[in-house]
Amino acid sequence: MANSVKLEIITPSKLFYRGDVELVIVTTLEGDEGFMAGHSWACKLLDIGELWIQEAGAAPDDFRVAALAGGFIDVKDSIIIYTDAVEWSSDIDMERVLSEKAKAEDWLVQHESHADPNDVMKAKIAISKSAIRSSVAEGGHRHKR
């Protein structure tokens, strides 16, 4: 078995995950990055994206996948991810995701040209989060073997 490292994923309301993992793959602002035991220390901002976790002892192609709403990752002797929201693929309500996406897209079509730039950015972020949640709910698309 490969070396493992302790991973914790923390949201404002709960400890989402704690366990020993062999590999964590996240989307940083610079692109997809993987972190393993013994990785050099790092603290990076995370973008909205897919979170892939290979738990200790899992088969090489066995990953748990979640939708991650950004945040940051702190890598030292353990790995801690801080995020506002994260969902396992099995917990994503596709009906809700599609409704939220449609609502944000409709708002953007009607208001983008004359709305406050911050409101436009919020709508675009909502659309991006919906796209990631939808992708994860459908089985994810990256790092599949």
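Note that the structure is predicted; figures quoted are calculated from it, not measured.
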Could you pull out the closest heavy-atom pair between [X] and [Y], with the gap in Å?
| X | Y | answer |
| --- | --- | --- |
| I127 | A104 | CG1-CB, 3.7 Å |
| V65 | W88 | O-CE3, 3.5 Å |
| A37 | N3 | CB-CB, 3.7 Å |
| E30 | E33 | OE1-OE2, 3.4 Å |
| C43 | D74 | CB-OD1, 4.3 Å |

Checklist line | H111 and V120: CA distance, side-chain angles, deciding distance, side-chain contact (heavy atoms from CB on, under 4.5 Å) verdict | finding: CA-CA 8 Å; H111 298 95; V120 171; over 6 Å; no
Notebook entry, point to check: Per the side-chain contact (heavy atoms from CB on, under 4.5 Å) rule, which among L46, I53, I79, D47 passes with V26?
Noted result: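 For V26, the side-chain contact (heavy atoms from CB on, under 4.5 Å) check succeeds only for L46.
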Next item on the list: Applying side-chain contact (heavy atoms from CB on, under 4.5 Å) between L68 and each of I73, V136, I132, L51, report the one that passes.
Entry: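 When side-chain contact (heavy atoms from CB on, under 4.5 Å) is applied between L68 and each of I73, V136, I132, L51, only L51 qualifies.
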Next item on the list: Run the numbers on V24 and I81 for side-chain contact (heavy atoms from CB on, under 4.5 Å), then give the verdict.
Entry: CA-CA 10 Å; V24 177; I81 295 174; 4.1 Å; yes
Next item on the list: Applying side-chain contact (heavy atoms from CB on, under 4.5 Å), run through L23 and F63 and close with a yes or a no.
Entry: CA-CA 9 Å; L23 176 62; F63 286 88; 3.9 Å; yes
Check: Is Y82 isolated, or which residues cluster with it under the ILVMFWY side-chain rule of less than 4.5 Å, directly or via members?
Finding: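 Members besides Y82, by chain and number: I10, L15, L29, L45, F72, I80.
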Margin query: For M121, is the CE atom crowded, meaning more than 12 foreign heavy atoms sit under 6.0 Å from it?
Written below: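 Count not over threshold, so no.
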Next item on the list: Return yes when atom NZ of K44 has more than 12 non-hydrogen atoms of other residues, nucleotides or ligands closer than 6.0 Å, and no otherwise.
Entry: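 Atom NZ in K44 is packed in, count exceeds 12.
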Next item on the list: Mind checking the CG-CD spacing from L7 to Q54? Nearest 0.5 Å is all I need.
Entry: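 Going from CG on L7 over to CD on Q54, the span is 12.5 Å.
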Next item on the list: Can you measure from CD1 (I9) to NZ (K14) and round to the nearest 0.5 angstrom?
Entry: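 These two atoms lie 11.0 Å from each other.
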Next item on the list: For K129, check side chain to side chain donor-acceptor pair (under 3.5 Å) against everything at least two apart and list the hits.
Entry: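 With neighbours one apart ignored, the set is empty.
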I want to check something: taking the side chain as every heavy atom from C-beta on, are [X] and [Y] in contact at a cut-off of under 4.5 Å?
| X | Y | value |
| --- | --- | --- |
| S135 | E50 | yes |
| W107 | D119 | yes |
| I48 | T27 | no |
| M36 | E22 | no |
| E55 | Y17 | yes |

Checklist line | Pairs flagged by salt bridge (charged side-chain N to carboxylate O under 4.0 Å, His left out) wherever residues 79-99 is involved - sequence neighbours left out | finding: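 Sorted result for residues 79-99: E87-R133, R96-E100.
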Check: Looking only at atom types and distance, does a side-chain atom of S130 sit under 3.5 Å from a main-chain N or O of A126, one as donor and one as acceptor?
Finding: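 Present.
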Item checked: T83 (side chain) donor-acceptor with G70 (main chain) under 3.5 angstrom ->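 It does hold such a pair.
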Next item on the list: Evaluate side-chain contact (heavy atoms from CB on, under 4.5 Å) for K6 paired with D20, printing each intermediate quantity in order.
Entry: CA-CA 5 Å; K6 180 70 71 188; D20 293 323; 3.5 Å; yes
